[in-house]
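Read the structure below first, then the notes.
Being a predicted model, the structure only gives us computed values, none of them experimental. Chain letters run A, B, ... following the sequence lines, proteins first, then strands; residues in each count from 1.
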2 protein chains.
Amino acid sequence: MKHVDIESRRKSILSAVVDSYVDTATPVGSRAISQRFRYTISPATIRNVMADLEEMGLIMHPHTSAGRVPTDKGYRFYVDSLLEPEHLTKEEESIINKLIHQAGNDIDYIMQNASKAISIIANVVGIVLTPRLKRSIFKHIELFNIDDSRILAVIVTTSGFIKNSIMDIEEGITKQELAHITEFLNSELEGISLGEIKSYLTRKLLEERDSFYTFLKRATDILSIPGLFRADDHLYFEGAACIMSHPEFTDIRKAKLFLRACEDKKGLLNLLNEDMERDGIKIHIGKENVDSEMQDCSVVTCNYKINGTIVSAIAAIGPTRMEYGKVISVLKYISHELGKELENLG
Amino acid sequence: MKHVDIESRRKSILSAVVDSYVDTATPVGSRAISQRFRYTISPATIRNVMADLEEMGLIMHPHTSAGRVPTDKGYRFYVDSLLEPEHLTKEEESIINKLIHQAGNDIDYIMQNASKAISIIANVVGIVLTPRLKRSIFKHIELFNIDDSRILAVIVTTSGFIKNSIMDIEEGITKQELAHITEFLNSELEGISLGEIKSYLTRKLLEERDSFYTFLKRATDILSIPGLFRADDHLYFEGAACIMSHPEFTDIRKAKLFLRACEDKKGLLNLLNEDMERDGIKIHIGKENVDSEMQDCSVVTCNYKINGTIVSAIAAIGPTRMEYGKVISVLKYISHELGKELENLG
DNA sequence: CATTGGCACTCTAGCACTTAGAGTGCTATG
DNA sequence: CATAGCACTCTAAGTGCTAGAGTGCCAATG
C-alpha cells in the first residue's frame, strides 16, 4: 500500500478516529486505528498522520500519553465530507412507525411519541416543536358571542389546526353584525398565512377611506384578540434519563450543564425557528452554537412539512460525541413520517 | 434538664436529625445533635435515644461508624407529627407572583412559570398539570360546518377553557339542523361537568322513544367527536438541571433513576389524578410510592381550584431528603396563586 | 522518500497501604 | 436516668508504586 494519496489517507484515518471515539468514548490510539485497517498501515505511520491532523486542528490530545479525540472542527469536517448516508433498519423504522402512526388522533401524544422515537433510536434527547401557526394558511374563521361582553374567535387552518381565543368587548355587537364580519373575513383572508393576516388588514385599512372603513376597523379589532395569533411554542422533550448512560456524564457537573442546555427553551426555540427557514438537516457542533449553554453539546435539527409547506422542526441534542449518521437518518425519517401523520389528521 | 418527658425528647431529637440531614446531606452524629441543643444534652444520652429511634425504624446507620440517617418511616413521622407550618419570605412570594401574575395571558406560559417557581423556591423538580377538562363545567357549545364533510365543535367551560375538535361526517347536515342541535345542547347541558355529559346524554337517549329520538341521537353522535373530551394531559416540568446539585446525585446512576422517575408521565399522572380528589397537600415518601420508578424520591402534590372547584394539581418531586416544610408552603401558595390567575383569565 | 520498527519517555488508572477522625456501643459512675 | 470514658469500627483521604497505553523521534529500509 505504498504511495497512497496522502489526502485520502488522512481522511480515512480521521474517519476512523471519529468512528472509534464515537463508539468507545475513549481517546483513540494509533494501535487501535492500525487494527481497524487490519494492520495494512503500521501504528507508526498512523502516528505521523495523526500528528498532521492534530496540527490541522481536527483532533487533539487530552494529555501526552493518551490517544486522540476529535475536536469540534474535526467533527465538522467529518459530517461535511466524510459521513456516508445511512439507512435505518427495518426494525428501527417499525418502532418509529408504531410510535407515530399508532398514537391515535391526539396531536399532543403524537408529538410526545415522535420525540421519544428520536431519543430511543439515536440515543440522544429528542425534541419536537409544535407546528408554527404563523406558517399555517388561513382557511376559516368563526366568531360568536359566548355572553354579552365576550366574543369567541375560532380559526381553522388548511392543515387542520384550530386556534381560538376569547375577547372582552366593551360595546355590544349584534349577531348580524358579527355574522357579517365573519363572512367578510372568510372571503377576504382565504389562502393567507396567519403570520401575514395582521399586516394584510392594516394595509387594507390604510387604503380605505369611506364608510367601509368603520366596518373594516371593527373586524381588524376583533382579530387583535390577545393570543389568537400567539405562537404555540410547545417543545416536546424526551430522553434525558437514557442519555445519562453516556460516559461523558459520569461527571455530574457535565450532566448538569447538559440538562441546562436542554431546559433552555428560549435558546432552542431561537435555533429551531431559524433553522426551519432552510429545508433539510442542520448541524451545530459544540462551540459553533451561539447559545453558551449549548457549547458542550451538538444539536441537529430538521424541519418538517405538512402538504409541502414547512411548518416546524424537530431536533436531537446530545454530546458532541454522537452518532451523527444515525441522528441524521432518524431525523429525516421522523420528520417525513410526522408530516405525513399530521396531514392525515388535518 | 433531668426527668424530661422521654417521648417529647425523642421527638425533638428525631426532628433535629431530620433537619440536620436535610441541611447537610451527611449522616448525623450524636455530637452534632448535642451541639444543636447547645450541649444541654450530652452526646452519650443522645446516642441512647438514637439507638431507640433506630430500633423503632425511624432512623438508620449506613455503617457502624457513621451517623444516623432518617428512614422513609422517619420522614413520615416527621412530616405527620413534627413539622411546623412554615411561611414563605416576602422575597419568595414576590418571585412567585412575578412568575405567575406577570406571565401575560398565555396559559402555556403561566403553567411553565408556575412549575419553574416551584423548582426555584424549593429546589425540587416542579410539576404542573393542566386543568382537567372533565372537571370543568359546560357553558357553551358552537357547531359549524367548515366544509361539506366536516364539522367543527367548540366547547367553552365556565372557567374559560375552550376545547375543540373536528369531525368527519358521512351524510351532510343542513345549517338549520346544526343550529337547532346547537341550541338544544346549549340549553340542555348548562351546568353539567364535561366528564358527565356523555353519560347524561346516553341516559336521556334511553328514555326517549318518539320522533325526538332521531334528533337526540344525532346530537349525541356529534358530541362523540374523537378528542373533544379527551383529557388534556399536559405536564409542565421544570428544574431537572438545578436539582443535580444535590449531593445524592454525585452518583450518576441515582441521577438517572431520578430523571426516569420524572419522565414517567403515566405514573405521575396517575398519582396526580388520584391525589387531586382530596383537598390539600399529599405526601408520598420513598417506598410509599406505588410506582417503582419513584421509590427513591418523595413526591408532594397539591390540588388547585378555579372558582372553588378542584380542577387539577401541582407537584414537587425530589430526593426523600427534601425540605418538606418549604415544599409544602410553596405548593400551597402557588396552588392558590395559580388558581387566582386562571380565574382572572377565564 | 514514504514507511516502518525500535526505543526512551510520559502520563494515568488502579491498587495496596496507612492514617486521621468521626462515630458508635458498652460500662462504670454520679 | 444521665453522663463520661474507653475500646472498637469503619470510612475517606492521602501516599507511593506499578503496569500499561500511548506518544515522539530516529534510524533503517524497500
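Under a 4.0 Å N-O distance rule, the pair B:Lys265/A:Glu238 qualifies as a salt bridge. A salt bridge links B:Lys326 with B:Glu92: the closest approach of a Lys/Arg side-chain nitrogen to an acidic carboxylate oxygen falls below 4.0 angstrom.
Between the CD1 atom of A:Ile46 and the C1' atom of C:dG5 there is a distance of 14 Å, rounded to whole Å. What separates OH of B:Tyr39 from C1' of D:dA4 is a distance of 15 Å, to the nearest Å. In this structure, A:Ile41 places its CD1 atom 12 Å from P of C:dG5, rounding to the nearest Å. D:dC1 atom P lies 10 Å from atom CZ of B:Arg9, rounded to whole Å. One can place CD1 of A:Ile13 at 13 Å from C1' of C:dA2, the figure rounded to the nearest angstrom.
Side-chain contact between B:Cys302 and B:Ile281 is present, with at least one heavy-atom pair separated by less than 4.5 Å. Here the side chains of B:Ile334 and B:Ile314 are in contact, with some heavy-atom distance below 4.5 Å.
Comparing the start and finish of the helix from C:dC1-D:dG30 to C:dG30-D:dC1, five pairs each, the helix axis swings through 30°, to the nearest 10 degrees.
With sequence neighbours excluded, the residues that form a side chain to side chain donor-acceptor pair (under 3.5 Å) with A:Arg10 are A:Glu7, A:Asp52.
Here the straight-line distance linking atom CG of A:Leu257 with atom CE of B:Met244 works out to 12.5 Å at 0.5 Å rounding.
Checked options A:Ile33, A:Asp23, A:Ile13; the residue passing with A:Val28 is A:Ile33 (criterion: side chain to side chain contact (heavy atoms under 4.5 Å, CB included)).
Side-chain contact check for B:Tyr236 and B:Asn113: no donor-acceptor pair (N or O, by modelled atom type) lies under 3.5 Å.
For the pair A:Ser42 and C:dT4, the criterion of a side-chain N or O lying under 4.0 Å from OP1 or OP2 is met.
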List the protein contact pattern of nucleotides 22-28 of chain C with one symbol per nucleotide (5' to 3'): B for base contact, S for sugar-phosphate-only contact, - for none; contact means a heavy-atom distance under 4.0 Å. BSBB---
